[in-house]
Every structure is written in C-alpha cells, then in structure tokens.
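Some notes on the structure that comes next.
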Protein chains: 2
Amino acid sequence: MTIEIGPRLKTVRKNFQLSQRELAKKSGVTNATISLIEKNKVSPSVSSLKKVLDGLPMSLAEFFTFESEEISEQVYYKQSDQPDVGSGEIHFHLIGANRFNRKMCVLREILLPGADTGEEMLQHDGEESGVIMKGQIELTVGEKVRVLTEGEGYYFDSHIPHRFRNVGDEEAIIVSANTPASF
Amino acid sequence: MTIEIGPRLKTVRKNFQLSQRELAKKSGVTNATISLIEKNKVSPSVSSLKKVLDGLPMSLAEFFTFESEEISEQVYYKQSDQPDVGSGEIHFHLIGANRFNRKMCVLREILLPGADTGEEMLQHDGEESGVIMKGQIELTVGEKVRVLTEGEGYYFDSHIPHRFRNVGDEEAIIVSANTPASF
DNA sequence: AAGAAATGTTAAATATAATTTACAAAAATG
DNA sequence: CATTTTTGTAAATTATATTTAACATTTCTT
C-alpha cells in the first residue's frame with residue numbers, strides 16, 4: 001500500500017538474476033510472499049522485507065535510496081538567485097534553492113553584529129559543517145563553546161544542541177553546508 | 001524481528017520533540033502502534049512505518065541510513081586542523097577530516113592564478129555546491145561555461161563533466177560542499 | 001493538595017501479512 | 001512431440017500487525 005516497492009523489488013531481483021523461488025530459498029521466506037510483495041498486494045513487514053533483501057544481498061538503506069532524477073537544472077546562482085531563508089539579523093542565502101531533490105543545503109550566511117540563533121539552542125536531524133570567512137563567531141555545540149575567526153571551520157552532528165552568535169562588532173560571513181537538506 | 005528499529009524510531013521521534021500521541025495524530029496510525037514498534041514488539045509493515053515517518057517528516061531512506069552514533073567528536077577545526085587534500089596550484093583544506101562516517105566534504109579551496117582542474121573534465125558520483133568568496137572562477141558544467149565572482153554560487157550533479165579554472169590574476173577562494181563525502 | 005490533561009503501556013478484537021498447498025503457463029529435457 | 005521442471009499466481013489457513021479501549025503514572029493547573 002505504500003509506494004511502488006513491489007516493482008522496485010522485482011527490478012532488484014532481476015538485476016541479481018534470481019527467480020522468486022531461488023530468492024525465497026536464500027532469504028527464508030516463501031515464493032508466494034515474494035510474489036505478493038512484487039505485485040503490491042501486501043505491504044511487507046520490515047522484518048520480512050529485510051529477510052528478502054538479505055538474500056540478494058542488499059541493505060534496507062540501499063533499497064530505499066532511489067535514483068536521482070536526470071533533469072537538466074540550473075547550475076549558476078548569482079546573488080539575486082539566492083533567496084534569503086533566514087530572518088532578522090541573520091541572512092541565509094541559499095544556493096541551489098530551486099533544485100529538485102537536493103541532498104544538501106549550501107548557505108552564504110551573513111550575521112549582523114549581535115546576531116544570535118538563540119539561547120534555546122538548535123537541534124535537528126543531519127549534520128552540518130562550514131567555514132568562517134569574516135568576523136567573530138561564537139559557536140556552542142553541546143557543552144563546548146568557542147569563538148571562531150576567519151579561515152576556521154566546524155563540523156558537527158545536528159542532533160547535538162547548538163548555537164551561533166556573532167560576538168564581533170562587524171558583520172560576520174559563514175559559508176555552511178548541511179545534509180540532508182533542511183531548506 | 002529485524003534490527004533495533006524500535007529504539008531508532010524512538011530516538012528520531014525524540015529529536016523531533018513529539019510524543020507518541022502527537023506523532024500518531026500527524027501520521028495516521030495509533031499511539032499504541034508507535035509504542036509497540038518502539039519496544040520492538042512488532043515488526044511494522046513498511047506502509048505503516050512510512051506513515052509514521054511521514055509525520056516527522058523523514059524518508060524511509062533517511063531512516064535506514066540514520067546513524068545512531070552519538071560519540072563525542074572534534075567540532076572546531078582551526079586552519080592547522082584542515083589538511084590540504086589538493087595538489088599543485090589548488091589547495092583543498094578539508095573541514096572535519098578526522099570525523100567518523102562523514103556524509104559530506106566541506107572544503108576551503110584556494111586556487112592560485114591560472115589554477116585549472118584540467119581539460120579532461122572531472123566526473124564522479126554525488127552532487128556539489130559552493131560559493132565564490134574571492135576572485136574570478138570560470139566554471140564549466142556540461143555544455144555550460146560561466147565566470148563567477150564574489151558572492152556567487154553553483155550547484156550541480158557531479159556526474160556531469162565539470163571543470164574549475166581561476167581566470168583572474170589573484171588567488172581565488174571557494175567554499176564548497178559535496179555529498180556523499182569524496183575525501 | 002486535588003483535579004485535569006497528558007504520558008507510555010497493555011489485553012482483546014480486528015485487519016492484514018505470511019505460509020501452505022495447489023494450479024496453470026512457459027521453458028527445458030529426452 | 002510428450003514429459004518433466006521451472007516459472008509466477010491464487011485460495012484457504014495460520015501467524016502477525018494494528019486498532020480499540022482501558023489502565024497506571026507522570027506533569028500541569030488551579
């Protein structure tokens with residue numbers, strides 16, 4: 001009942017050049033189960049889907065990671081093509097905003113003096129990294145606090161509470177990236 | 001029963017700061033289902049797992065790729081912590097080089113005048129994006145050619161043949177990101 | 001402190017997935 | 001060409017997932 005995981009399984013199985021019964025044998029489910037899944041008559045439990053994929057072998061992550069589109073898209077992004085997805089004293093200029101199925105966000109960030117993402121700390125999925133290009137940025141990650149200056153970088157897991165603060169008296173510029181895309 | 005998808009769901013749900021009931025409401029399954037899944041008492045069908053994840057939202061691919069590592073790792077990378085993974089007239093200073101299981105590369109690139117990735121064009125897996133912070137960069141992507149200057153950006157699929165060239169008479173600086181990680 | 005609202009868990013009922021068994025069509029074998 | 005083997009599919013049974021409804025606990029209000 002979900003997406004077309006049935007046809008997808010069929011494609012994958014064919015790639016491995018196995019019949020339903022051969023795969024059934026290697027994976028420990030019955031051939032009928034494989035038939036039902038491939039025809040989208042059932043939505044397999046992840047345990048049985050995993051069994052099936054183990055027989056190929058292929059991981060669940062691989063299975064669900066589908067091919068990216070092949071459409072010709074915009075490549076160059078001048079400043080006016082970089083929408084500001086920030087707010088207040090923080091400007092996030094997003095590169096590649098209009099692209100389909102982006103896997104990351106690259107941002108040209110401008111933080112006015114005193115800009116602060118806030119005491120409540122940010123916390124979200126994914127990971128992020130960047131480089132300070134100008135100014136003085138105080139970066140808090142979990143228990144750690146540090147002021148970074150031009151040329152210095154950072155990389156951390158976004159699940160860890162974090163906070164950016166422009167502690168200099170001029171504007172600060174950061175180029176950052178995060179994946180998966182959050183804007 | 002497959003792997004510990006229960007605890008994983010719980011972690012993810014907590015990251016989104018939702019209760020079982022809140023998530024149940026957003027996703028269209030009952031809170032009991034979420035409880036049973038999180039305690040590994042059942043192996044959900046992929047259709048219901050997808051419903052649940054849609055409520056967060058998170059894709060199946062992300063969910064199964066999600067690393068539950070929570071190890072404390074290096075966060076700050078001063079210039080001397082950024083190994084130069086480039087060569088010749090091109091310097092690639094890698095942020096987060098020593099991190100385990102990175103999903104992307106963030107690079108502070110310095111291209112000396114005349115630097116050129118070469119006529120044979122680069123081509124590889126993944127996608128890449130960046131911002132020009134200084135200088136004049138001619139970027140070729142497929143059939144397209146263009147000179148980018150300070151503040152301008154790019155984003156393209158790395159399967160498409162591409163080439164970077166510093167066409168100015170001073171050094172150029174780019175901050176770039178690519179995923180999945182290639183260095 | 002008492003009541004209300006929200007939290008996660010569980011038992012029984014219901015809905016759905018998986019197996020067993022069987023069938024028909026295609027491919028392989030003699 | 002006839003027979004055997006292999007293929008994918010389907011019906012009925014069994015096993016499992018999901019819902020409904022209830023239960024304790026904790027957290028928030030007043």
Side-chain angles (χ1 to χ4, degrees), chain A residues 1-64 66 119-121 123-125 159 161, chain B residues 1-64 66 68 70:
Chain A
M1 302 291 271
T2 57
I3 41 183
E4 68 311 315
I5 88 162
R8 188 182 301 190
L9 175 59
K10 183 168 188 172
T11 303
V12 172
R13 175 174 61 82
K14 293 286 190 193
N15 284 341
F16 283 88
Q17 305 195 18
L18 294 172
S19 71
Q20 291 183 345
R21 280 179 152 87
E22 286 173 323
L23 179 52
K25 201 168 183 178
K26 301 183 74 170
S27 61
V29 304
T30 62
N31 61 307
T33 299
I34 295 177
S35 174
L36 292 170
I37 294 172
E38 290 189 355
K39 295 188 72 74
N40 265 345
K41 299 229 172 179
V42 298
S43 178
S45 69
V46 329
S47 64
S48 57
L49 179 59
K50 179 168 190 307
K51 278 192 209 164
V52 171
L53 294 178
D54 282 348
L56 290 172
M58 173 179 272
S59 73
L60 287 162
E62 285 175 77
F63 182 75
F64 284 110
F66 43 78
E119 207 164 349
E120 69 283 358
M121 308 287 272
Q123 211 173 350
H124 49 95
D125 202 49
H159 295 109
Chain B
M1 315 308 160
T2 57
I3 40 182
E4 69 311 319
I5 89 162
R8 186 182 300 195
L9 175 59
K10 183 167 188 173
T11 303
V12 171
R13 176 174 62 80
K14 294 284 190 192
N15 283 340
F16 282 91
Q17 306 195 18
L18 293 172
S19 71
Q20 291 184 346
R21 282 178 151 88
E22 286 172 326
L23 179 52
K25 202 168 183 179
K26 300 182 77 171
S27 61
V29 304
T30 62
N31 61 305
T33 300
I34 295 177
S35 174
L36 292 170
I37 295 173
E38 290 189 355
K39 294 187 75 72
N40 266 346
K41 299 230 171 176
V42 298
S43 177
S45 69
V46 328
S47 63
S48 58
L49 179 59
K50 178 169 191 305
K51 277 191 210 165
V52 171
L53 294 177
D54 283 347
L56 291 174
M58 173 179 271
S59 73
L60 287 161
E62 285 174 73
F63 181 76
F64 286 110
F66 175 75
S68 44
E70 202 62 39

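Quick note on labels: first sequence line is chain A, next is B, and so on, each numbered from 1.
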Closest to the B:K41 side chain, choosing from C:dA18, C:dT19, C:dT10: C:dT10
Toward the 5' end of DNA chain D, by each residue's nearest nucleotide, B:R21 or B:V29: B:V29
State whether A:S35 places a side-chain N or O below 4.0 Å from either non-bridging phosphate oxygen (OP1 or OP2) of D:dG8. no
Any side-chain heavy-atom pair of A:V52 and A:F63 under 4.5 Å: no
Write down the distance between CD (A:E38) and P (D:dT7), rounded to a whole number of angstrom. 13 Å
d(NZ, B:K51; P, C:dA15) in whole Å: 14 Å
Polar side-chain contact A:N31-D:dT9 base: donor and acceptor under 3.5 Å: yes
Minimum-distance nucleotide (side-chain atoms of B:S19 versus D:dT19, D:dT9, C:dT7): C:dT7
Let me know the distance between CD1 of A:I34 and C1' of D:dT9, rounded to the nearest Å. 13 Å
Options C:dA18, C:dT10, D:dT18, nucleotide nearest the side-chain atoms of A:P44: C:dA18
To the side chain of A:V42, which of C:dT7, D:dT9, C:dA17 is closest? C:dA17
Which listed nucleotide (C:dA17, D:dT20, C:dT19) is nearest to the side chain of B:T30? D:dT20
Tell me whether the side-chain N/O atoms of B:S45 come closer than 4.0 Å to OP1 or OP2 in C:dT16. no
Out of C:dT9, C:dA18, D:dT18, which nucleotide sits closest to the side chain of A:L36? C:dA18
Find out whether B:D54 and B:S27 are in side-chain contact, i.e. whether some heavy atom of one side chain is under 4.5 Å from a heavy atom of the other. no
Find the distance A:L9:CG to D:dG8:P and express it as a whole number of Å. 12 Å
Is there a side-chain contact between B:E38 and B:R8, using heavy atoms and a 4.5 Å cut-off? no
Is B:T30 close to B:T33 at the side-chain level, that is, under 4.5 Å between some pair of heavy atoms? yes
Tell me, do A:L23 and A:N31 make a side-chain contact under 4.5 Å, heavy atoms counted? no
Position toward the 5' end of DNA chain C (nearest nucleotide), A:I37 or B:K39: B:K39
Main-chain N/O of A:S47 paired with B:S43 side-chain donor or acceptor, under 3.5 Å: yes
Give the rounded distance in Å between these two atoms: CZ of A:R13 and C1' of D:dG8. 9 Å
Within the pair A:S48 and C:dA18, is there a side-chain N or O less than 4.0 Å away from OP1 or OP2? yes
For atom NZ of A:K25 and atom P of D:dT7, their distance in whole Å: 10 Å
CG of A:N40 versus C1' of C:dT16: gap in Å, rounded? 15 Å
Options D:dA10, D:dT19, C:dT7, nucleotide nearest the side-chain atoms of B:E22: C:dT7
A:K50 NZ to C:dA17 C1': how many Å, rounded? 19 Å
Considering just the side-chain nitrogens and oxygens of A:Q20, establish if one lies under 4.0 Å of OP1 or OP2 belonging to D:dT9. yes
